[in-house]
Amino acid sequence: MTEPTHGIVLGGGWAGMLAAHVLARHVERVTVVERDVLPDGPRHRKGSPQGRHVHVLWSSGARIVDTLLPGMIDQLLDAGARRIGFHQDLVTLTSHGWQHRFPPRQYALMCTRPFLDWKVRDRVLATGRITVRQRSEILDLIGDAKRVTGVRVRDMDTGAGETLEADLVVDSSGRGSRLRHWLSALEVPPLEEDIVDAGIAYATRVYQGPPGAAAGFPAVNVAADHRLREPGRFGVVYPQEDGTWMVTLSCTRGAGLPTHDDEFLPYARTLRHPLVADLIALAKPLTSVAVSRVGANRRLYPERLDIWPEGLLVLGDALAAFNPIYGHGMSSAARAAAALDTELQRSGIAGGTTHRAQQAISATVDDPWVMAASKDVEYVNCRMNTTDPRLTGGAVARQRFSDLIADRSIRSSAVCDVVTDVISLTAPQSELASSRFLSLMQKDRVLPELTEPPLTADELALVDLSPRSTVGAGGS
Ligand SMILES: Cc1cc2nc3c(=O)[nH]c(=O)nc-3n(C[C@H](O)[C@H](O)[C@H](O)COP(=O)(O)OP(=O)(O)OC[C@H]3O[C@@H](n4cnc5c(N)ncnc54)[C@H](O)[C@@H]3O)c2cc1C
């Protein structure tokens, strides 16, 4: 009698849960190995420190999640998550000035990360076909350079080690993945790695906004201007599922960051426009400041190895992690899960298929990688160790073109539509070089520059904000 096929997923975070869900469609048993106890509610946990900061799930990722778990997005919206239409429901000072609030083309889901993870995890595990080994730490892969046959884990309560055998192992253990180390122990040649690190850091507090805030006040975003050749400072006020505001202030290397509660508001006043600070001043703080300094773009290239061990895949942040400001990590992981599903449908988990599946998964991270990394190299003090020719050559011409697009996109509706499709990962980055887009850049009607935040009188009244305090945008 043959053994039931077994898939093991390393890490029970966002990518791990989506990968486990996909695997359960193609193998008979799935085990998720996770260091934490996964909470049965919207609670923080040690292995997901990013959960204390703002998260948006772009519509591209949301659509994939909804395909894998039908009705999931409505369920999240019914439970309070906010659907923010880009750009109707968002007031943004971009590097190039205030964005006109064109009718929405794409959207982003806004809610706390513990809430999102919990709701999705609950649905994934409800099928009953996935076992989670909590409080278990991954130690090593077992097998050899040609084939991975399982993992060695350690029970964190008893200290006991155990070997788990599997037909397929998926590494989704996040930014801290030890994959390179595990592979070198199997004598697999070193994986190539690119790093582009603008030194991003986040500081976040949760606030109770004024009573009207939950009833339709837009999300607010004030960005840095990379052209100033000084460290960048950013601030956002994003609505959450429980009616609160999450305020995240962030910066690139050298701009400092508020680490104490009493520094938070003064720091917000140093952004390019006072809108974020004005909103904070109207709200009541509910939490102390939480700080995170994990934001480099980092990418591995398993697809470049001539020999990749059968029975092993890597996805999520373990494969490629991005500067979080672009909000691409979760959607990128969802794209990888969808690619895994397609490959497993095509070839199953039979021998000889893993390298191709890994190539398909790796292809999904290229657009978010190049989008984030090519923007970050423009910030002063950015450190990089990359051989990607798109980041190392032709920087001036590339930046001039991308500045032109950014300038047009905030004032021209059809251009903005295409750009929004690309930044939401709905359309490929190559769309921005298409003749259709270049023609739009020349022909589309360009609206006048906005000199102040495009908030309506009704919106200002919702939060009791005086129009005068928001006049005088710093955008150019
Ligand atoms: C500050 C910040 C803000 C962000 N904002 C956004 C955003 O707005 N939108 C967006 O799409 N993305 C955002 N991201 C990125 C997003 O958080 C990640 O892309 C996403 O969590 C990746 O999921 P993952 O499952 O690959 O990794 P993780 O979510 O980090 O999960 C990895 C899991 O593996 C477990 N684990 C790790 N090592 C071991 C081990 N040895 N043994 C057992 N278990 C282990 C961990 O406990 C964890 O549960 C942000 C990231 C940061 C840091």
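Given the structure is predicted, the values throughout are model-derived calculations rather than measurements.
Residues that satisfy the ring pair (Phe, Tyr, Trp, His ring centres under 6.0 Å) test with Tyr202, not counting sequence neighbours, are His53. With sequence neighbours excluded, the residues satisfying salt bridge (charged side-chain N to carboxylate O under 4.0 Å, His left out) with Glu193 are Arg180, Arg298. Checked against salt bridge (charged side-chain N to carboxylate O under 4.0 Å, His left out), Arg253 has the following partners two or more places apart in sequence or in another chain: Asp197. Looking at residues two or more places apart in sequence or on another chain, you find no salt bridge (charged side-chain N to carboxylate O under 4.0 Å, His left out) involving Asp367. Looking at residues two or more places apart in sequence or on another chain, you find no side-chain hydrogen bond (donor to acceptor under 3.5 Å, both in side chains) involving Thr92. By the ring pair (Phe, Tyr, Trp, His ring centres under 6.0 Å) test, Phe322 is found to be paired with no residue, residues two or more places apart in sequence or in another chain being considered. With sequence neighbours excluded, no residue satisfies ring pair (Phe, Tyr, Trp, His ring centres under 6.0 Å) with Phe115. Applying the ring pair (Phe, Tyr, Trp, His ring centres under 6.0 Å) rule to His355 yields no partners; only residues at least two apart in sequence or on another chain are considered. Taking the salt bridge (charged side-chain N to carboxylate O under 4.0 Å, His left out) definition, one finds that Asp421 meets it with Arg105, sequence neighbours left out.
Side-chain atoms of Thr67 come within 3.5 Å of backbone N or O of Arg63 as a donor-acceptor pair. Here the side chain of Trp58 pairs a donor or acceptor atom with the backbone of Tyr326 at under 3.5 angstrom. Side-chain N or O atoms of Trp14 include none that pairs as donor or acceptor with a backbone N or O of Asp117 at under 3.5 Å. A donor-acceptor pair under 3.5 Å is formed between the side chain of Asp167 and the backbone N or O of His6. No donor-acceptor distance shorter than 3.5 angstrom exists from the side chain of Thr244 to the backbone of Gln240, with no hydrogens or angles considered. Of the possible polar contacts, none joining the Arg233 side chain to the Val222 backbone as a donor-acceptor pair under 3.5 Å is found. For Gln134 (side chain) and Leu38 (main-chain N/O), a donor-acceptor pair under 3.5 Å exists by modelled atom type. His328 places no side-chain N or O within donor-acceptor distance of the main-chain N or O of Asn323, the cut-off being under 3.5 Å. Put simply, the side chain of Ser434 gets close to the backbone of Glu431: a donor and an acceptor are under 3.5 Å apart.
Ring-plane geometry between Tyr379 and His226 is classed as perpendicular, the angle between the planes exceeding 60 degrees on a 0 to 90 degree scale with a lower cut at 30.
With 3.5 Å as the limit, one finds a donor-acceptor pair spanning the side chains of Gln75 and Arg123. Donor-acceptor pairing under 3.5 Å is recorded for the side chains of Gln358 and Ser362.
Residue pairs meeting the salt bridge (Lys or Arg N to Asp or Glu O under 4.0 Å) criterion with at least one member in residues 20-32, sequence neighbours excluded, are Arg25-Asp341. Applying the ring-ring contact (aromatic ring centres under 6.0 Å, His included) rule to pairs touching residues 413-432 yields nothing, sequence neighbours excluded. Pairs passing the salt bridge (Lys or Arg N to Asp or Glu O under 4.0 Å) check and including a residue from residues 127-140, sequence neighbours excluded, read Arg35-Glu137, Arg133-Glu162, Arg135-Asp157, Glu137-Arg154, Asp140-Arg152.
In this structure, CG on Asp388 lies 6.0 Å from CG on Asp194, to the nearest 0.5 angstrom.
Nearest heavy-atom pair across Arg147 and Gly311 is NH2-CA, 4.1 Å. Of all heavy-atom pairs between Ala338 and Ile64, the closest is CB-CG2, 4.0 Å.
Applying side-chain contact (heavy atoms from CB on, under 4.5 Å) to Tyr238 and the options Ile84, Leu90, Val247 leaves one that passes, Leu90.
A salt bridge does not link Lys119 to Glu241: none of the charged nitrogens lies less than 4.0 Å from a carboxylate oxygen. The existence of a salt bridge linking Glu34 and Arg121 is excluded, since no basic side-chain nitrogen approaches an acidic carboxylate oxygen closer than 4.0 Å.
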Checking Ser48 against Arg113 for the side chain to side chain donor-acceptor pair (under 3.5 Å) test, could you report, in this order, the C-alpha distance in whole Å, the side-chain angles of both residues, the deciding distance, and whether it holds? CA-CA 9 Å; Ser48 187; Arg113 183 67 197 270; 4.9 Å; no
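Within 6.0 Å of CZ in Arg383 there are 12 or fewer heavy atoms belonging to other residues, nucleotides or ligands.
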